[in-house]
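What you see is a predicted model; the values in this text were computed from it and never measured. The basis for the numbers below is simple: all heavy atoms, side chains too, and nothing from hydrogens, waters or symmetry mates. By convention in this document, chain letters (A, B, ...) are assigned in the order of the sequence lines, proteins followed by strands, and residues within each chain are numbered from 1.
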Amino acid sequence: MSDLFLYNSYTRQKEKFEPITPGYVGLYVCGPTVSGESHMGHARPYITFDIVNRYLQHLGYKVRYVRNITDAGHFEEEGREAEDKVATKAKLERLEPMELVTKYTNMFHWAMRLFNCIDPNIEPTATGHIIEQIDMIEKIIEKGYAYEKNGSVYFDVKKYAKDHPYGKLSGRVLEDLLETTRDLDGQEEKNNKVDFALWKNAPPEHIMRWNSPWGEGFPGWHIECSAMSSKYLGESFDIHGGGMDLQFPHHESEIAQSTVAHGHPPVRYWMHNNMITINGKKMGKSYNNVIKLSELFTGSHPILEQAYHPMVIRFYILQTHYRSTLDFSNEALQASEKALRRLWEAYEVLQKLQSNNGVAKDAALDEQVNKWCAECEDFMNDDLNTAKVIANLFEMAPVINGIKGGQVAANAISAEAYDNLRTTFKTYLEDIMGLQPMQVQQNNKLDQVMQLLVEIRKEARTRKDFATSDQIRNKLAEAGIQLKDEKDGSVSYTIE
RNA sequence: GGUCGCGUGGCCGAGUGGCUAGGCACAGGUCUGCAAAACCUCCUACAGCGGUUCGAAUCCGCUCGCGACCUCCA
């Protein structure tokens, strides 16, 4: 058995994974900002790290998976006027931040369920950890790496950079940053442009506000992850994940804050998934090119030619390595849909195959099958190469279908190889990659109706009444039910 | 402008020195009453130029094209 190697963004190389506490893994992933509906781009990190979580568990680790909900910040609901925030309005007329945040948190959870992502063990909210964040800020001030200005607190990056490797994660050089950072509102308060806010003084119209030693305000963006990850995973934990776009400034700032507060860097392995692009451009709110998940599932976006099942999206994402960009197109998604359908059907065929008595007639094929199965683990261990795992499963699909169709002898492979096939498909398809059948679960009554139709069609065919038999087949196809005439004369069906 | 990354066959995408992934589409065939499904076969690519090497999609250099981050961002 090979060892698990993960690409560590911090060192820019694949490293052997060794947890801090043998047998246990602390995994923290930056969760969504719930000020709006999740879009397709958001699907990638949560599916990617669901695989990380699942695979670590498969390897026998006890994983504590923490994924936060960013529900504090400067939120506005789309379509609402800025004056909604004015405090003079009646309470129920005003935007209530918690209402907005609850709505989008619920929608996020809905999508995660459909994607079959395992729930994190802890899903802390930023608003629920204001005290922890204030504590941490105070610690940083005590150590002399932060300063207060007009009710806001800023982290002193320049001072930190003197004796710490600031910029290592994101490949920045402080001098460059000092020159190139753009002018933004509120910058004049900072001692240096590169400093970032730990706490922000809330202007009167800001509706999210908490008391703090520095007056009413709200936490800076980066501090929540530092405070919550250390609370639930410890001051040193194994894996921190998130999208590549968070490397700077978010993760870089996290490292700086935690290093000062705790006296050492917080994370062993930094993992970053790449972006989903559309027409070559990153899908993101600021580019105005997002496809929301709800639109994706229903097909209700002008660019979409059809609705896409959550499992198709999941499979589509897994067909690409997580560190590569993934370009959206209807064509690509439709290809994934067909591919997944074929692979899943092979899996179902496999479950029904009868094992032979043990001896392999085709030693070469037998060996090949065992090799394909064994390789899956090596691929996963090589920085979670799900694309290669899927490719291997596809190599085995014709063997499975061939046995069923008679093109491959049933006793070509050994009983061991059969078991190996079954275990491999189950383990990788379901347990590790978290895929599920797309088909509607068949219920008993529908099945009885189907058996009746199949019987009528069979009789019609015997009479050579092909008009009737084809009508049954075609009408069912229109309804999304596909009949398949099997080699042995039986008829099976699949429902889309 | 600075930093980093990418450019693979009709499309999507693995792959980082030799063994020419995989999926989808196309074409041909087997099977079928006809189909569908399945199976078999076909399609042999690595932006361009130059270099290193016995050998490069893979390493180095240059050129062209694209993108990400530097601002909220998964």
Q. Does the side-chain hydrogen bond (donor to acceptor under 3.5 Å, both in side chains) test come out yes or no for A:Asp447 and A:Tyr493, once each step is laid out?
A. CA-CA 10 Å; A:Asp447 191 60; A:Tyr493 63 94; 2.5 Å; yes
Q: Return the 5'-most residue of the pair A:Ala391, A:Lys14 with respect to RNA chain B, ranking by each residue's nearest nucleotide.
A: A:Lys14
Q.
So if I take every side-chain heavy atom of A:Lys388 and compare against B:rG15, B:rA74, B:rG23, which nucleotide ends up nearest?
A. B:rG15
Q) What is the distance from NZ of A:Lys285 to C1' of B:rU71, rounded to the nearest Å? A) 15 Å
(Q) Work out how far the P atom of B:rA25 is from that of B:rC11, and round it to whole angstrom. (A) 16 Å
Q.
At under 4.0 Å between heavy atoms, how does the protein contact nucleotides 34-43 of chain B? Give one character per nucleotide, 5' to 3', with B, S or -.
A. BBBSBSS---
Q: Specify the residue among A:Phe248 and A:Phe328 whose closest nucleotide of RNA chain B lies further upstream toward the 5′ end.
A: A:Phe328
Q: Check whether any side-chain heavy atom of A:Thr48 sits under 4.5 Å from a side-chain heavy atom of A:Ile51, and report yes or no.
A: no
Q. Quick one: is A:Lys281 getting a side-chain N or O under 4.0 Å of the B:rG67 phosphate, OP1 or OP2?
A. yes
Q: Just call it for A:Gln247: base, sugar-phosphate, or nothing, with non-hydrogen atoms closer than 4.0 Å on any strand.
A: nothing
Q: Would you mind telling me which of B:rG23, B:rA68, B:rG13 lies closest to the side-chain atoms of A:Tyr287?
A: B:rA68
(Q) Between B:rC59 and B:rG17, how far apart are the two C1' atoms, rounded to whole Å? (A) 8 Å
Between the protein and nucleotides 25-27 of chain B, list every N/O to N/O distance that falls short of 3.5 Å.
from   : atom 1 : to       : atom 2 : distance (Å)
B:rA25 : OP1    : A:Lys338 : NZ     : 3.0

Q) B:rC24, B:rA74, B:rC70: which one has an atom nearest the side-chain heavy atoms of A:Pro45? A) B:rA74
Q | Separation of atom CG in A:Asp245 from atom C1' in B:rC69, rounded to whole Å | A | 9 Å
Q: Verify the contact: side-chain N or O of A:Asn385 to OP1 or OP2 of B:rG15, cut-off strictly under 4.0 Å; return yes or no.
A: yes
Q. Which whole number of Å gives the distance between the P atom of B:rA47 and that of B:rG15?
A. 15 Å
Q) What parts of residues 106-127 of chain A reach RNA chain B, counting only heavy atoms under 4.0 Å away? A) none
Q. Given the P atoms of B:rA37 and B:rG50, what is the spacing between them in whole Å?
A. 47 Å
Q. Once you round it to whole Å, what is the distance between P of B:rG7 and CG of A:Asn274?
A. 11 Å
Q: Could you tell me how the ring of A:Tyr166 sits relative to the ring of A:Tyr160: parallel (under 30°), tilted (30 to 60°) or perpendicular (over 60°)?
A: perpendicular
Q: For A:Ser324, report the nucleic acid contact type (base, sugar-phosphate, nothing); a contact means any heavy atom under 4.0 Å.
A: sugar-phosphate
**Q.** Candidates B:rC72, B:rG13, B:rC70 - which lies nearest the side chain of A:Leu326
**A.** B:rG13
Q.
Does A:Met244 reach a base, just sugar-phosphate, or nothing at all? Heavy atoms under 4.0 Å.
A. nothing
Q: Please list, chain by chain and in numerical order, all residues satisfying side chain to side chain contact (heavy atoms under 4.5 Å, CB included) with A:Ala477, sequence neighbours excluded.
A: none
**Q.** Stacked pair A:Phe466-B:rG33, distance under 5.5 Å, angle under 30°
**A.** yes
Q. Are A:Phe5 and A:Tyr269 an aromatic pair by the rule of ring centers under 6.0 Å?
A. no
**Q.** B:rA57 and B:rU8, which share atom name P, separated by this distance in whole Å
**A.** 15 Å
Q.
If I take atom CG in residue A:Asp383 and atom P in nucleotide B:rU16, what distance separates them, rounded to the nearest angstrom?
A. 11 Å
Q | Near-ring test A:His321/A:Tyr7, centroid separation under 6.0 angstrom | A | no
Q: Please determine, for the side chain of A:Asn273, which listed nucleotide (B:rC70, B:rA74, B:rA14) has the closest atom?
A: B:rA74
**Q.** A:Asp382/A:Lys14 salt bridge by N-O under 4.0 Å criterion
**A.** yes
Q.
Within the structure provided, determine whether A:Ile403 and A:Ile413 are in side-chain contact (heavy-atom separation under 4.5 Å).
A. yes
(Q) In whole Å, measure the gap between the C1' atoms of B:rC70 and B:rC24 for me. (A) 38 Å
Q: Can you tell me the distance, in whole Å, between the CG atom of A:Asn289 and the C1' atom of B:rA74?
A: 13 Å
**Q.** Candidates A:Phe315, A:Tyr308, A:Phe297 - the one meeting ring pair (Phe, Tyr, Trp, His ring centres under 6.0 Å) with A:Phe115
**A.** A:Phe297
Q) To the nearest angstrom, how far is A:Tyr7 atom OH from B:rC4 atom C1'? A) 10 Å
Q: Examine distances only and state if a side-chain atom of A:Lys149 and a backbone atom of A:Glu189 form a donor-acceptor pair shorter than 3.5 Å.
A: yes
Q) What would the secondary structure line of RNA chain B be in dot-bracket form, counting Watson-Crick and G-U wobble pairs under 3.5 Å, with [ ] for pairs that cross earlier ones and | for pairs with another strand? A) (((((((..(((.....[...)))..((((.......)))).....(((((..]....))))))))))))....
Q. Between A:Glu375 and A:Lys388, is there a side-chain N and carboxylate O pair less than 4.0 Å apart?
A. no
Q.
Roughly how many Å apart are B:rU20 and B:rG29, using the C1' atom of each and rounding to a whole number?
A. 25 Å
Q. Given A:Val491 and A:Lys458, is the side-chain contact (heavy atoms from CB on, under 4.5 Å) satisfied, shown in steps?
A. CA-CA 9 Å; A:Val491 178; A:Lys458 205 172 170 184; 5.8 Å; no
Q | Separation between the C1' atoms of B:rA14 and B:rG22, rounded to whole Å | A | 7 Å
Q: May I ask you to evaluate whether A:Thr33 reaches the phosphate of B:rA74, defined as a side-chain N or O under 4.0 Å from OP1 or OP2?
A: yes
**Q.** A:Leu429 side chain reached by A:Leu343 side chain, heavy atoms, under 4.5 Å
**A.** yes
Q: Using side chain to side chain contact (heavy atoms under 4.5 Å, CB included) as the criterion, list what pairs up with A:Gln436, not counting sequence neighbours.
A: A:Asn116, A:Met311
Q: Under 4.0 Å between any heavy atoms, over every strand shown, what does A:Ser286 touch: base, sugar-phosphate, or nothing? Just pick one.
A: base
(Q) So does A:Ser152 get a backbone contact from the side chain of A:Asn201, meaning a donor-acceptor N/O pair under 3.5 Å? (A) no
Q | Rounded distance (Å) that lies between atom P of B:rA74 and atom CE of A:Met275 | A | 9 Å
Q: Determine: side-chain N/O of A:Lys282 to OP1/OP2 of B:rA74, distance under 4.0 Å, yes or no.
A: no
Q: Measure from NZ or CZ of A:Arg67 to the centre of the six-membered ring of A:Phe49, then state whether that distance is under 6.0 Å and the direction lies within 45° of the axis.
A: no
Q. Any side-chain heavy-atom pair from A:Ser229 and A:Val66 closer than 4.5 angstrom?
A. no
Q | Atom-to-atom span, CH2 of A:Trp372 to P of B:rA21 - whole angstrom | A | 14 Å
